[in-house]
Amino acid sequence: LSSNTTAMDQSNTQASGVKLYEYDLGTKESWSQAASRRWEINNYIINYRGSQVQYDNRGGVWLCQQRGEATENQPSLVYFDANGVERFKETLSNRQSGAFRFNHDFTQVIIASGIGKATLYNISYDSNGKPALESVHDLDMTQEQEINDFAFDYAGNLYACGNSGERLS
C-alpha cells in the first residue's frame, strides 16, 4: 500500500455499466484531474448502495455487495489483484449490507452474512495469487438489524456497528 491517501468512487450508469475509479489524492486538498486508475470490474457491482470496496496488502481490490440471491453475474464478493485480474468470485447469498473488514495483517476477513450475523474467514493465497477463504467462526452479533461496518484493533478484537439503535458491539 502506498502512503498516498486514495479515494475510490463507484459510478453506475445503465449505458456503460459499473466502473470503479481510483484517485491518488496524497496530501492534495483539491482534485481537478482525471482518475488515477479505472478498475475494470465488469458489471458485478449492481447494488451500489449496499457495497463496499477495500484494498488488501497486495495492492488488490476486494468488492463485497449485499445480495439476496447472488449469481455468477451478480456475485457477493469479488477480488481483483494489483494488475486488475479477477482472481476470486463468490456467489453466497444474503451478504447483508456488503460490510466486511480485514484484520491488521490481512490474514482474516469478517463479512456480514445475515441480519446480525457475520462469518470470520482465514485467507490464504495459492502460488498464482488466487485467494481462498476458510470459514473459522459464524458469529451472532446480537444486532436486530443489519451490520453496517466492522473494525479490528491491533489486539485482534472485533467491533461491529449497525443501525439497530446505532450500537457498537
Side-chain angles (χ1 to χ4, degrees), residues 1-12 17-25 35-114 117-139 141 146-154 156 158-162:
L1 296 174
S2 74
S3 59
N4 286 343
T5 302
T6 303
M8 299 190 93
D9 172 42
Q10 272 176 223
S11 65
N12 186 0
V18 178
K19 295 172 180 51
L20 186 65
Y21 296 96
E22 179 178 331
Y23 300 89
D24 294 329
L25 302 177
S36 306
R37 180 174 183 183
R38 180 178 140 186
W39 289 81
E40 297 294 335
I41 60 169
N42 303 317
N43 286 319
Y44 287 149
I45 304 298
I46 63 156
N47 188 1
Y48 61 94
R49 292 187 183 186
S51 60
Q52 292 189 19
V53 178
Q54 293 183 34
Y55 283 102
D56 67 4
N57 61 342
R58 296 169 169 249
V61 171
W62 291 81
L63 302 102
C64 188
Q65 68 170 336
Q66 180 176 343
R67 294 279 10 119
E69 292 187 34
T71 65
E72 284 293 312
N73 293 325
Q74 300 170 0
S76 53
L77 184 66
V78 183
Y79 173 67
F80 296 90
D81 68 16
N83 297 315
V85 176
E86 180 184 308
R87 297 285 182 187
F88 179 88
K89 177 170 51 174
E90 175 196 84
T91 57
L92 292 178
S93 295
N94 202 24
R95 289 286 186 223
Q96 289 294 317
S97 73
F100 75 116
R101 184 73 54 196
F102 296 99
N103 67 345
H104 73 281
D105 63 0
F106 294 90
T107 58
Q108 293 186 315
V109 63
I110 185 85
I111 303 174
S113 57
K117 299 190 181 312
T119 303
L120 181 67
Y121 297 91
N122 285 336
I123 304 172
S124 61
Y125 293 85
D126 69 14
S127 60
N128 295 318
K130 180 179 179 178
L133 301 182
E134 175 192 5
S135 177
V136 178
H137 296 290
D138 289 319
L139 305 167
M141 309 299 283
E146 70 184 41
I147 298 166
N148 294 335
D149 207 353
F150 297 102
F152 283 98
D153 63 20
Y154 277 97
L158 173 66
Y159 302 87
C161 63

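Phe102 and Phe106 have tilted rings, their planes meeting at an angle from 30° to 60° on a 0 to 90° scale.
Remark: Thr71 OG1 to Lys89 NZ distance equals 8.0 Å, nearest 0.5 Å. Atoms CG and CZ, on Asp105 and Phe152 in that order, are 10.0 Å from each other to the nearest 0.5 Å. The line from CD1 of Ile111 to OG1 of Thr119 is 7.5 Å long, rounded to the nearest 0.5 Å. With values rounded to the nearest 0.5 angstrom, Ile123 atom CD1 is found 9.0 Å from Phe88 atom CZ. Atom OH of residue Tyr121 and atom OG of residue Ser135 lie 5.5 Å apart, to the nearest 0.5 angstrom. The line from CG of Leu139 to CD1 of Ile147 is 8.5 Å long, rounded to the nearest 0.5 Å.
Here the shortest heavy-atom pairing between Leu120 and Gln108 reads CD2-NE2, 3.8 Å. Nearest heavy atom pair, residue Ala118 against residue Phe150, reads CB-CZ, 3.8 Å. Shortest non-hydrogen contact noted between Glu22 and Tyr55 is CD-OH, 2.6 Å.
No hydrogens or angles considered: a donor-acceptor pair under 3.5 Å links the side chains of Ser76 and Glu90.
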Practice problem: Take Leu63 and Val53 through the test side-chain contact (heavy atoms from CB on, under 4.5 Å) and record every step on the way to the result. | Solution: CA-CA 5 Å; Leu63 302 102; Val53 178; 3.9 Å; yes
Practice problem: Under the salt bridge (charged side-chain N to carboxylate O under 4.0 Å, His left out) rule, what do Arg101 and Asp149 come out as? Steps first, then yes or no, please. | Solution: CA-CA 8 Å; Arg101 184 73 54 196; Asp149 207 353; 2.6 Å; yes
Practice problem: Would you check, one step at a time, whether the test side-chain contact (heavy atoms from CB on, under 4.5 Å) holds for Asp56 with Tyr125? | Solution: CA-CA 12 Å; Asp56 67 4; Tyr125 293 85; 3.4 Å; yes
Pair up each side-chain donor or acceptor in residues 127-134 with any protein partner under 3.5 Å, not counting sequence neighbours, and list the distances.
none

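Between the side chain of Asn83 and the backbone N or O of Val85 there is no donor-acceptor pair closer than 3.5 Å.
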